[in-house]
Visitor: 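My questions all concern the structure below.
Every heavy atom of this structure was used, including side-chain atoms; hydrogens, water molecules and symmetry mates were not.
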Amino acid sequence: MATNFPKQNRSIHILSASREICRTIKQSDAEIRQKYPFLYHQDVICAIIFAGSLLLITLFSYLYISSFISAIWTVMLIALVLSLLHELEHDIIHNLYFKSYRWIQNCMFIFIWVAKLHVSPWYRRQLHLKHHLLSGQINDAEERLIGLGLSPNYKRMAVSVHPFGGLLISDDISKDAKYLNLFTLQLHNALMGLTSFCILQTFVGYNVFCFFYSCLDYDINSLIGFHTFYPIIRTLAVCLCFPNVLRQGCLVMMSNSSHYYGDLPLNTVYYQNQILDSWLLFPFQLFCFNFGATHIVHHYVPSQPFYIRHFTAQSVKYTMIKLGVRNNDFGILWRNNHYTIDPIEDEKQKLYGKCWFAACLLVGFPLYILWDLMIFEKFNRNIFQFIREQLLKRNIKRRDNTSDNSELKTNEKVMDVNDSATNDDMQKLNAFVNQIALYDVSADQIEEVNTKAA
C-alpha cells in the first residue's frame with residue numbers, strides 16, 4: 001500500500017488546502033454573525049442553553065414520574081438534551097464562554113458532570129487539549145480511550161457502547177501516552193462510574209429477580225419492603241443512566257469513526273478527520289448533535305461555538321470535498337482508523353463498516369450489562385494492582401534505608417531515575433496545555449503548537 005502523502009514534509013497542496021478550508025470556515029462564520037448579530041453574545045447564549053437544558057431534563061423527568069410519557073420517550077428526549085450539555089462542556093473546555101469568570105465555568109462543570117454521569121470535566125480538559133496537539137498519533141490518549149485504532153471486535157464494541165469502556169484498554173494506551181496516569185484516570189472515573197454501575201445493576205437485578213419469582217408462581221408483594229427503594233432506582237435509571245448510555249454510545253461511535261489514526265503526520269489537520277453525514281447514520285447523529293458531520297470543522301477552527309459550527313459545516317462541506325477531504329469513508333473501521341486505503345479491499349471494507357454500525361446497534365447495546373461487569377472487574381483488578389505496587393515500593397524503600405551499602409541500588413531506584421526524565425518532558429507538555437486552556441486555540445496557532453509539542 002502506498003501512502004497518499006509524504007511522511008516528513010507537508011506537500012504544498014495540503015498546506016494550501018488547509019488554509020483555504022480554514023479561510024472558508026472563518027468567512028462563513030463572519031457572514032452568519034453579521035446576519036444575526038445576537039450570536040456575538042456568546043456568554044448569554046451559553047447561559048440560556050445551559051439553563052434551558054437543565055429545565056428540560058427536569059420537565060421530562062417530572063412527566064415520566066407522573067406517567068405522562070413512557071420510559072422510552074423519556075430516555076430519548078433526555079439524551080437529546082444531554083447532547084447539548086456535552087457541546088457546552090466541550091466549548092467551555094476551549095474557554096469560549098465566561099472567559100473572565102472561571103467560577104461560572106466551574107459551576108457549569110459541576111452540573112454537567114452530574115448530568116452526564118461521566119469523567120470529570122476538569123480532567124477531560126487536559127486530555128482534550130492534548131488531543132488537539134497529538135490528534136491521530138499513537139499518544140493521543142483521549143481518542144484511543146474511545147476505541148481509535150482498535151480492530152472491529154468485542155473490545156471495540158464494548159469501548160464504543162459503554163461510557164467507561166476506555167478502562168478496558170487503558171493499560172496499553174498508558175504505555176504509549178506517558179502522560180496518562182492510570183490511577184488518576186480511574187480516580188476521575190470512579191465516582192460516576194460506580195454510581196452508574198450500582199444504579200443499573202440494582203435496576204436489572206430487581207427486574208430479573210421479579211421475573212423468576214413470578215415464574216415460580218410466588219406473590220412478589222409478599223416480600224415486605226422489597227419495593228421500597230425500587231421507584232427511586234427506576235427513576236434514576238430511566239432519567240439519568242439510560243439516556244447517558246444512549247448519548248455516549250452514539251457520540252463515541254461517531255467520534256471513533258470520523259478520526260484517522262496511526263499513519264498521519266503530526267499537526268496536519270487535513271488528515272485528522274473525515275465528514276460522516278450518510279443518512280444511514282441518522283439514528284447515531286441524532287443523539288450526539290450531528291457530531292460526525294461537523295467535527296472536522298472544529299479541528300480547523302476550535303474557537304468556533306458549536307451552534308455556529310453546524311451552520312458553517314454545510315456551507316464549507318463541498319469546498320472540503322473538492323479539496324480532497326474524505327466523505328463517508330466507512331472502510332475506516334476495518335482499517336483500524338488508518339488513513340491509507342487499499343483500492344482492492346476498499347469496497348468490501350466499506351460494506352463491513354456499515355455492518356459494524358448495525359452490529360453495535362443490535363448486539364452492542366443489548367449486551368451492555370456484560371460490558372458493565374467486564375469493566376467493573378477490570379476496575380477492581382487495577383485498584384488491587386495499584387495497592388500491591390504501593391506496598392512493594394514501600395517495602396523496597398525500607399530495605400534501601402536499612403541497607404549499609406550505599407553503592408547498591410534497587411531496581412526501583414533505577415526506575416525512578418529513568419522516569420524523572422520522562423516526567424520532565426511531560427511537565428513541559430502539561431504546562432503548555434494548561435497555558436492554552438485559558439485562551440482560544442485556533443488553526444492559526446498550529447505552527448506554535450507544533451514547535452512546542454515537538
Side-chain angles (χ1 to χ4, degrees), residues 89 93 106 109-110 112-114 116-131 133-134 137-150 155 158-159 162-198 201 244 248 252 371-400 410-434 437:
E89 177 198 35
I93 284 175
N106 291 330
F109 272 165
I110 293 173
I112 293 172
W113 186 23
V114 175
K116 285 180 57 182
L117 209 65
H118 203 232
V119 68
S120 157
W122 297 273
Y123 181 69
R124 184 180 171 234
R125 185 203 294 268
Q126 299 298 314
L127 287 182
H128 184 70
L129 293 178
K130 289 185 178 75
H131 160 64
L133 294 174
L134 306 167
Q137 305 303 308
I138 194 172
N139 53 351
D140 180 8
E142 184 187 45
E143 287 300 321
R144 289 191 63 189
L145 283 170
I146 60 173
L148 211 66
L150 289 179
K155 189 172 289 187
V159 171
H162 199 286
F164 301 95
L167 295 176
L168 290 174
I169 55 176
S170 57
D171 292 349
D172 295 332
I173 298 172
S174 65
K175 296 175 183 177
D176 300 319
K178 300 299 183 182
Y179 61 85
L180 184 65
N181 184 288
L182 292 179
F183 178 73
T184 305
L185 173 67
Q186 292 175 121
L187 183 65
H188 284 275
N189 279 282
L191 179 60
M192 295 306 168
L194 292 175
T195 301
S196 175
F197 178 84
C198 292
Q201 293 298 326
N244 275 298
Q248 182 69 11
V252 169
W371 313 137
D372 210 25
L373 295 173
M374 288 172 55
I375 292 166
F376 186 68
E377 188 272 336
K378 173 68 173 177
F379 179 80
N380 288 334
R381 188 157 20 107
N382 288 345
I383 292 298
F384 288 130
Q385 181 180 353
F386 175 78
I387 294 174
R388 285 196 300 268
E389 289 176 354
Q390 294 302 311
L391 292 176
L392 179 61
K393 289 181 179 180
R394 184 176 299 178
N395 291 334
I396 290 174
K397 288 181 179 179
R398 287 178 180 175
R399 192 184 312 158
D400 292 334
T410 62
N411 291 333
E412 180 63 25
K413 285 186 175 182
V414 176
M415 289 173 59
D416 288 340
V417 173
N418 292 335
D419 285 344
S420 63
T422 303
N423 290 335
D424 289 341
D425 295 336
M426 288 305 106
Q427 286 174 4
K428 292 179 181 178
L429 178 59
N430 287 330
F432 178 61
V433 170
N434 289 328

Visitor: Find the distance between SG (Cys198) and CZ (Phe376) and round it off to the nearest 0.5 Å.
Guide: 7.0 Å
Visitor: Once side chain to side chain contact (heavy atoms under 4.5 Å, CB included) is applied, do any residues pair with Ile146, and if so which ones, sequence neighbours excluded?
Guide: Glu143, Val252, Ser255
Visitor: Locate the shortest heavy-atom distance separating Leu134 from Asn139; write the atom from each residue and the value.
Guide: CD1-O, 3.6 Å
Visitor: To the nearest 0.5 Å, how far apart are NZ in Lys378 and CG in Asn380?
Guide: 11.5 Å
Visitor: Can you see which heavy atom on Leu168 is nearest to which on Ala158, and at what distance?
Guide: CD1-CB, 3.9 Å
Visitor: What's the shortest heavy-atom distance between His128 and Ile93, and which atoms?
Guide: CD2-CG2, 4.0 Å
Visitor: Does the pair Val119 and Phe164 meet the rule for a side chain to side chain contact (heavy atoms under 4.5 Å, CB included), with working shown?
Guide: CA-CA 8 Å; Val119 68; Phe164 301 95; 5.5 Å; no
Visitor: With a 3.5 Å cut-off and sequence neighbours excluded, list the donor-acceptor pairs that the side chains of residues 186-194 form with protein atoms.
Guide:
residue: Gln186; atom: OE1; partner: Asn382; partner atom: ND2; Å: 2.8
residue: Gln186; atom: NE2; partner: Leu182; partner atom: O; Å: 3.4
residue: Asn189; atom: ND2; partner: Leu185; partner atom: O; Å: 2.7

Visitor: Who pairs with Asp172 by side chain to side chain contact (heavy atoms under 4.5 Å, CB included), at least two apart in sequence or on another chain?
Guide: Lys175
Visitor: With Glu389, which residues qualify under salt bridge (charged side-chain N to carboxylate O under 4.0 Å, His left out), at least two apart?
Guide: none
Visitor: Consider side-chain contact (heavy atoms from CB on, under 4.5 Å). Of Leu145, Asp140, Ile138, Leu148, which one does Ile173 pass it with?
Guide: Leu145
Visitor: What pairs with Phe109 under ring pair (Phe, Tyr, Trp, His ring centres under 6.0 Å), at least two apart in sequence or on another chain?
Guide: Trp122
Visitor: Could you check if a side-chain atom of His118 sits within less than 4.5 angstrom of a side-chain atom of Asn244, using non-hydrogen atoms only?
Guide: no
Visitor: Might you point out which heavy atoms bring Leu127 and Tyr179 nearest each other, and give the distance in Å?
Guide: CD2-CE1, 4.1 Å
Visitor: Taking Tyr123 for its side chain and Thr184 for its backbone only, find out whether a donor-acceptor pair lies under 3.5 Å.
Guide: no
Visitor: Closest heavy-atom contact between Arg144 and Ile169?
Guide: O-CD1, 3.1 Å
Visitor: Under a 4.5 Å cut-off applied to non-hydrogen side-chain atoms, are Met374 and His162 in contact?
Guide: no
Visitor: Can you name the side chain to side chain contact (heavy atoms under 4.5 Å, CB included) partners of Arg388, sequence neighbours left out?
Guide: Phe384, Gln385
